[in-house]
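Along the sequence shown, the residues carry numbers beginning at 1. Side-chain atoms are counted along with the backbone in the values below, which use heavy atoms only and exclude waters and symmetry mates. Note that ligands are numbered from 1 as they come in the structure, with each ligand's atoms numbered from 1 the same way.
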Amino acid sequence: MKLHEYQARDILAQNGVAVTRGSVASTPAEARRIAEELGGKVVVKAQIHAGGRGKGRLVSASETAAMYQALTTDAANNSGQVRGARVGGVRLADSAAEAEAAAAAILGKYLVSIQTGHEGKLVKNVLVAEQADIAKEYYLSIIVDGTVGGHLIIASAEGGQEIEAVAATNPDAIIRMPVNPVSGWQPYVGRTLAQRLGLAGDQGDQVAKLAQGLYKAALATDASLVEINPLALLADGRVAAVDAKLTIDDNAIYRHKDLEALRDKDEEDPLEVMAQDLGVANFIKLDGNIGCVVNGAGLAMATMDTIKLAGGEPANFLDIGTVNDPQRVVSALKVILEDPSVKAILVNIFGGMARVDIIAQGVVDAHRQMKIDVPVVVRLIGTNLAEGEKLIEESKLPLIRATGLAEAAKKAVQAANHAA
Ligand code: GDP
Ligand code: MN
């Protein structure tokens, strides 16, 4: 689960990370009031679940696809603004009136950046924060990294908006420091980090403290990612987070009832939200036209591979889990049928602990409860296969049957192509 910048910076501040002052506004008038409180000189920032806002563009709903095309294909379009921005989703304002105008220009528009996809993101809120007088921009993040088996600090003195470019062209400028999960944070970690970033004395101390706060925040929220870009050295010598990103591991959300309220479902894929609400937890929307109902993540991956091998494209990843509940199958089909790009469905079930007859009952129930007008290919194997076969036979439903996975994938691709 991703958080908005204004939510992430509050959590970071609670854990001892220095952030600039600011608050969130949903109307231009509110933005003006906050700017007045902050003394007028502020930055007004679109709050969406995507980065690259500074270099993004604000458009109406009908213009997002063309703008995304322009931003992603033409480098010239993507070198627009950096500092002192008066366009895009991050704008500097030197008075409360300018802040109000900036908020009016951003709110209610769609922000398109190289990270939003062609649909862009509707901006519902802006963060109004004290304008930082930035002397130098750094990059600092902490991720949970599988290869080091724990938290990994990633930092660079070449921060700012082009960190991906730094990683590609000058990988030596990227500092990578694992945090030992047994000893946890030790003072030397912060000192070493500061030194490698080239910050000494008081600034070194500030960075060390800030990084420790970032680690504390990551632990406290079960974050898979906390990122500050830019981490700014200000003209007055302070070091502060000027941007903040925080992603909570979805598998840990149940431990954070207090953070659940921070979820913004508008930012998530509507089908994925629907799947979660229906208890079909492992659903990821993809771009193809063959809907997949599978049990087990490994089998789901294999099913998608086999569809691709047969020349097709899966419309989703879906693992209904090891359940003996026909309703789960009905719910899965319900979510898939909401996707207008689905032209065929492949149900691929291996009955291990799950029972084929119960899954088959789910397929039959779904056809009785909903109008299913796309072809459904069913491949079942394993526990209680005979009972399952019998249910499907007796239902007289026009299901396309297959015994092997390759055969099932081929039939699904044929059915989808025929329907398309
Ligand atoms: P992002 O583009 O979505 O990563 O949004 P950021 O919050 O990182 O803002 C983009 C860029 O705008 C930053 O890299 C800074 O260069 C600049 N920026 C953001 N806030 C301020 C500020 O308070 N003062 C100044 N001078 N520049 C800022
Ligand atoms: Mn940023």
Q: Within a distance under 4.0 Å of any heavy atom of V43, pick out the atoms of ligand 1 and give their elements.
A: 20 (N), 23 (O)

Q | Polar atom proximity, G52 to ligand 1 (N or O, under 3.5 Å) | A | yes

Q) Counting from 1, what ligand 1 atoms have a heavy atom of V242 closer than 4.0 Å? A) 19 (C), 20 (N), 21 (C)

Q: Count the heavy atoms belonging to other residues, nucleotides or ligands that lie under 6.0 Å from CG of D258, then report whether that count exceeds 12.
A: yes

Q. Quick one: is the NZ or CZ of K136 closer than 6.0 Å to the six-membered ring centre of Y138, and within 45° of its axis?
A. yes

Q: Within a distance under 4.0 Å of any heavy atom of V90, pick out the atoms of ligand 1 and give their elements.
A: 5 (O), 9 (O), 12 (O), 19 (C)

(Q) Looking only at N, O or S atoms, which one in D243 sits nearest to the Mn ion (ligand 2)? (A) OD2

**Q.** Per-atom contacts, ligand 1 versus P230 - under 4.0 Å to a heavy atom
**A.** 8 (O), 13 (C), 14 (O)

Q) Of all the atoms in ligand 1, which lie at a distance below 4.0 Å from a heavy atom belonging to D243? A) 1 (P), 4 (O), 5 (O), 6 (P), 7 (O), 8 (O)

Q.
Could you measure the distance from the NZ atom of K121 to the OG1 atom of T64? Nearest 0.5 Å is fine.
A. 12.0 Å

Q: Output yes when the distance from some N or O of ligand 1 to some N or O of Q131 is under 3.5 Å, and no in every other case.
A: no

Q) Taking atom CG of D243 and atom CG of L127, what is their separation to the nearest 0.5 Å? A) 9.0 Å

**Q.** Separation between CG of L259 and CG of D222, rounded to the nearest 0.5 Å
**A.** 9.0 Å

Q | Heteroatom proximity flag, L92 to ligand 1, N/O under 3.5 Å | A | no

Q) Looking at ligand 1, does any of its N/O atoms fall within less than 3.5 Å of an N/O of K55? A) no

Q: Using a strict cut-off of 4.0 Å, indicate which atoms of ligand 1 neighbour a heavy atom of G51.
A: 3 (O)

Q: Anything under 30° is parallel, anything over 60° is perpendicular, the rest tilted; go ahead and classify Y215 against W185.
A: tilted

Q.
How long is the straight-line distance from CG of L140 back to OG of S156, given to the nearest 0.5 Å?
A. 10.5 Å

(Q) So for ligand 1, is R53 a polar contact partner (N or O within less than 3.5 Å, distance only)? (A) yes

Q: Counting heavy atoms only, name the option from E137, E130, R91, K45 that's nearest to atom 17 (C) of ligand 1.
A: E137

Q: State the CD1-NZ distance between I290 and K343, to the nearest 0.5 angstrom.
A: 11.5 Å

(Q) Counting only nitrogen or oxygen atoms and a 3.5 angstrom limit, does N229 reach ligand 1? (A) yes

**Q.** Qualifying residue, where the test is side chain to side chain donor-acceptor pair (under 3.5 Å) with Q47 and the options are Q7, E5, E267, H4
**A.** E5

